[in-house]
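Okay, structure first, notes after.
All chains are named by letter (A, B, ...) in the order of the sequence lines, taking the proteins before the strands, and each is independently numbered beginning at 1.
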Amino acid sequence: MSVCIEFQDVSYAYPLTKKAAVRHLNCKLEKGKCYGVIGPNASGKTTFCNLMRGLCPKFYGGILKGNVLVEGKNLEEWEDGELSVRIGYVFQDPFAQVSGIKETVFEEIGMGLENTGVEQEEMIRRILEIAKVVKVDTLLQKNPLALSGGQCQRVAFASVLALDSDIIVIDEPTSQLDPDGTMDVFEIIGALKRQGKTVIIAEHKVDLLAEYCDEIIAMAEGTIIAQGTVREVFQLQILREKKVRIPQVVTLALLLEEKKKALSSIPVSEREAVAMLKERGDI
Amino acid sequence: MKTKNQTVMKLAQTALLAALCFVSFTFLQIKIPMPGGDATSLHIGNAFCVLGALLLGGWYGGLAGAIGMTIADLMDPIYITGAPKTFFLKLCIGLIVGLVAHHIAKINDSTDKKYVFKWSLIASIAGLSFNVIADPIVGYFYKQYILGQPQKMAEVLAKWSAATTFVNAVVSVILVVFIYNAVRPILLRSGLLVSQPKN
Amino acid sequence: MAIEVKEISFSYPGNPVTAVENVSMKIEKGERVAIIGQNGAGKSTTVKLINNIYKPTQGKIFVDGIDTSTKTTAQIAPHVGYVFQNPNDQIFNDDVIKEIQYVLRYWKLSEEEIGQRTEEAIEVTGIRPYLETHPFDIPLPIRKFLTIAVVLAVSPDYVILDEPTAGQDLWGCEQLKIVMDYLKKKGKAVITISHDMEYVAEHFERVIVMAHKNVIADGSKEDIFYQPDILKEAHVTPPLCARIGQKMGIKKKILNIQELVENL
Amino acid sequence: MTEEQFVDSFRKYQKKGNWWCDFHPVAKMVTCLSLGFMCLIVFRWQVGLIIFLLAGGIAFLTPVWKKYFKMIGIMFLLGCVFTVIVRLYVHMGDPGPVAFYLFGKSVPVAAIISCLDLIFMIEGFLGIFLVFFMTTEMRDLCCCLEQLGMSSTVTFMVLSTFSSITSIKEKLNRVRESQRARGIETEGNLFVKVKSILPVLFPVIISSMTGIEDKTLAMDARAFAADGVHTSLRKIQPAKRSEKTVAVVAVIVSILGCVAGKLFL
Ligand SMILES: Nc1ncnc2c1ncn2[C@@H]1O[C@H](COP(=O)(O)OP(=O)(O)OP(=O)(O)O)[C@@H](O)[C@H]1O
Ligand SMILES: Nc1ncnc2c1ncn2[C@@H]1O[C@H](COP(=O)(O)OP(=O)(O)OP(=O)(O)O)[C@@H](O)[C@H]1O
Ligand SMILES: [Mg+2]
Ligand SMILES: [Mg+2]
């Protein structure tokens with residue numbers, strides 16, 4: 001598979017801060033895979049996403065060392081407009097993401113399409129399609145400023161999805177959502193993956209990440225402490241040392257191991273865990 | 001991207017300050033009735049005009065004040081006639097503050113709190129004293145020649161408006177210096193001061 | 001001594017659709033209650049009514065026997081503390097200590113008392129490393145702890161936390177546990193809104209489920225988390241341990257991982 | 001409106017089903033502004049009254065007439081009663097032909113006329129201005145101006161100012177709520193209110209300023225920086241010949257009116 005984003009020894013400090021927010025990042029992200037970025041607060045997840053999108057240092061200022069390559073091309077060589085179409089980015093704070101200049105959710109979702117010069121019929125078709133997927137189709141006529149936190153988050157998600165970017169970066173998309181809403185978001189991410197898109201998602205809800213992601217990138221104190229498949233990463237001792245959250249099913253498996261009731265391997269989803277437990281069949 | 005994004009950001013900030021001017025003028029004012037069916041009021045709208053100039057530079061700050069206050073004037077039956085005058089005056093305030101703060105003192109290049117405090121104070125005083133002097137004078141001529149009010153009354157109005165403008169200016173200077181110096185460190189950190197020290 | 005909510009209804013000004021309808025609940029002093037439910041169910045609205053930020057259009061609320069409709073919000077604040085969903089709406093001082101002490105000074109408490117309360121609040125919320133930082137420079141999840149500290153310093157009998165778990169990492173959850181333990185020790189009632197069922201199952205005895213502007217269930221966590229139809233109606237899923245326990249056909253009502261391990 | 005109707009409405013030209021509301025925004029703006037400024041410049045009650053009546057007439061033919069007359073009524077009372085009382089008071093006892101006596105003092109005709117001048121200048125301007133604003137959507141106006149060559153950054157700025165006004169008002173309320181919840185009294189006498197200004201104003205300013213960053217990024221995520229043609233979801237009918245004619249006539253009338261008014265009134 002081809003590499004679509006590559007970090008080569010990247011360090012970055014925000015302006016007027018002494019400590020670098022991230023240090024010596026090295027990683028390769030492949031096309032068509034889903035990556036989960038995990039780590040405690042202030043470990044640099046958002047900064048990692050910003051770097052990928054070129055917002056650090058172009059927008060925030062600050063000092064960047066090393067290279068970030070998107071599809072083999074250094075970030076600086078990318079045109080601004082082109083990059084914003086190529087990489088869709090859903091930001092962390094849902095409340096701040098409404099543009100505020102559109103009066104209905106329908107137009108809010110369509111705004112990106114207007115800016116990229118899509119024809120009207122096509123625009124309407126795409127908005128309706130996305131709205132259905134993200135389950136905001138009942139809100140289309142509402143004012144974006146009068147939405148509840150959860151609804152806001154969905155609309156922000158929808159307006160970025162509408163652009164149909166190849167790479168989608170999502171920073172904590174479920175912080176305000178109820179459990180069902182959270183499941184919906186992950187379902188959508190699953191669907192994006194099936195469409196062959198590259199998805200990078202930073203989240204605290206590791207249980208669902210474990211279920212939906214191909215690979216996990218674990219960060220702590222501004223460095224990548226582990227990268228690999230879900231099963232590999234969540235077994236690592238270092239995650240627990242650095243206080244990175246791990247999925248409950250993994251905790252369960254490890255506890256069972258301690259009690260000498262080990263499962264055949266480490267499960268990463270509820271389904272797997274139940275299957276393994278059933279297979280053992282000793283209640 | 002830098003240039004383009006920075007413009008969008010500056011525009012968004014300008015819009016925000018214009019809105020703040022509008023809101024503070026419209027909702028936080030005390031009207032004082034005056035002879036001639038005119039009124040002047042105690043308000044802090046100018047503070048945001050000055051704040052805009054300190055944060056965004058003269059042009060944008062002046063523009064923010066001009067737009068915000070002009071809209072506010074247009075929405076108010078008592079002030080509506082003064083709208084063109086307001087636009088011109090607020091723009092000037094912004095330019096003067098910008099000139100003092102950014103061209104003379106270059107406060108955005110400094111990290112010295114005391115220096116910034118001192119110069120933001122001087123700049124706001126400069127801008128608002130201009131207002132204290134110019135508002136009644138421009139108002140006088142504006143009323144007399146453009147609106148054709150009787151001379152005697154225009155004089156009375158000018159005197160009154162000079163008094164309230166002075167009170168407003170004092171309150172605004174205190175407020176703006178306080179707000180600016182409180183807001184600055186936060187904005188500086190999050191890269192919101194558009195022309196920040198090069199590093 | 002209790003908060004009694006009696007059949008209240010409320011609609012936001014300028015919005016004819018009611019936000020909550022006929023909600024009743026009673027929360028005793030020292031109790032720990034979690035409110036869960038779908039987005040937009042009216043959870044935040046209900047606690048805002050209890051806090052007297054809004055007055056119900058129908059029904060009455062009594063805090064320790066006082067009818068809230070006869071008081072202002074600021075008069076209820078010493079009894080009921082509310083930590084908002086968004087900390088940015090609350091902070092305005094340029095110094096953490098000043099922020100915590102603002103209301104205490106506003107109430108003209110003695111210097112000694114202020115110092116002691118501040119100290120305790122800082123200790124419990126773990127914000128000591130940030131005392132020198134400008135409040136708006138503190139990372140958002142920790143800024144939330146600052147607003148918690150502000151409420152702890154006020155020391156009301158009822159503490160309401162609106163989604164304290166959103167965006168928190170392990171450290172945050174552990175610190176939150178310390179806060180909860182502290183409040184328990186002090187005999188304060190805690191009312192928490194949360195979407196994190198694991199957290200609810202771990203820290204609360206009683207759970208109130210809200211859906212469609214109303215309370216649809218109220219009971220012990222064992223009861224609630226084992227009633228699939230109610231949970232479904234409220235768009236929540238039970239904690240993972242409960243799900244696995246059920247799927248494995250364990251009879252006992254399991255709610256935490258230790259129990260699950262023991263029963264497997 | 002059902003969802004299909006709503007979506008369908010974007011396929012056609014944006015219409016309200018009222019000739020004035022659907023008047024091409026730019027033509028409408030030119031018409032109203034020129035008439036308004038004529039009113040301002042001539043500063044005579046005759047002209048003001050005509051414009052005022054014209055505005056009222058137009059408003060009467062639109063669906064917003066109720067709201068319009070309520071607003072203009074309030075403004076009329078507020079601005080005018082005030083003007084009359086104070087102006088008459090100032091001019092009472094002035095020399096000149098006397099209209100009537102009030103409290104034993106003469107009220108000259110000139111005073112009444114100057115009153116009327118001021119009142120109708122204000123009300124004429126305000127009336128035509130309100131009629132324009134109440135029947136025109138800012139976004140449509142901006143969209144049309146954009147088509148005429150105004151840069152999209154300017155439209156963004158204008159729309160953003162208006163939207164910021166509403167969002168700041170909302171934020172003010174929210175912050176006031178949270179400050180009350182922590183025990184700071186914000187209601188009561190003037191002193192209490194003044195004391196609560198800072199705790200309310202400060203979080204509002206800071207959080208809206210820091211919110212700008214997110215807003216800019218949100219705009220960026222919606223490809224605002226993308227080069228090339230921008231399309232628009234809402235379609236506005238190009239100005240008809242009749243609408244253009246009206247605008248041109250209004251401009252000519254205003255210019256002539258100004259000259260004539262200054263010379264003969
Ligand atoms: N705009 C900024 N200016 C200066 N420093 C910043 C900025 N944003 C983040 N930082 C700092 O960079 C470091 C990494 O922060 P980042 O936001 O990337 O963490 P995170 O893992 O996304 O945390 P969270 O889980 O809270 O979202 C932190 O120490 C933070 O204080
Ligand atoms: N300020 C407001 N003005 C008008 N309606 C509002 C306002 N705040 C909330 N609502 C509406 O009231 C209803 C209840 O909202 P509330 O905030 O209580 O929900 P919630 O249960 O806290 O949801 P969440 O889990 O998303 O925080 C929602 O339908 C919402 O749209
Ligand atoms: Mg983050
Ligand atoms: Mg809520």
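Counting heavy-atom neighbours within 6.0 Å of Phe133(D) CZ, excluding the residue itself, gives a total above 12. Within a 6.0 Å sphere centred on CZ of Phe130(B), heavy atoms belonging to other residues, nucleotides or ligands number more than 12.
With a threshold of 4.5 angstrom between heavy atoms, Phe162(D) approaches chain B through side-chain atoms but not through N, CA, C or O. Contact of Ile168(D) with chain B is made through the side chain alone, with heavy-atom distances under 4.5 Å. Heavy atoms closer than 4.5 Å to chain B are found nowhere in Leu130(D), neither backbone nor side chain.
With rounding to the nearest 0.5 Å, the separation of CZ in Phe48(B) from CG in Leu201(D) is 4.5 Å. A distance of 7.5 Å separates OG in Ser167(D) from CG in Leu16(B), rounded to the nearest 0.5 Å. Rounded to the nearest 0.5 angstrom, Ser164(D) OG and Leu20(B) CG are separated by 8.0 Å. Within the model, atoms CD1 of Ile71(B) and OG1 of Thr161(D) stand 6.0 Å from one another, a figure rounded to the nearest 0.5 Å.
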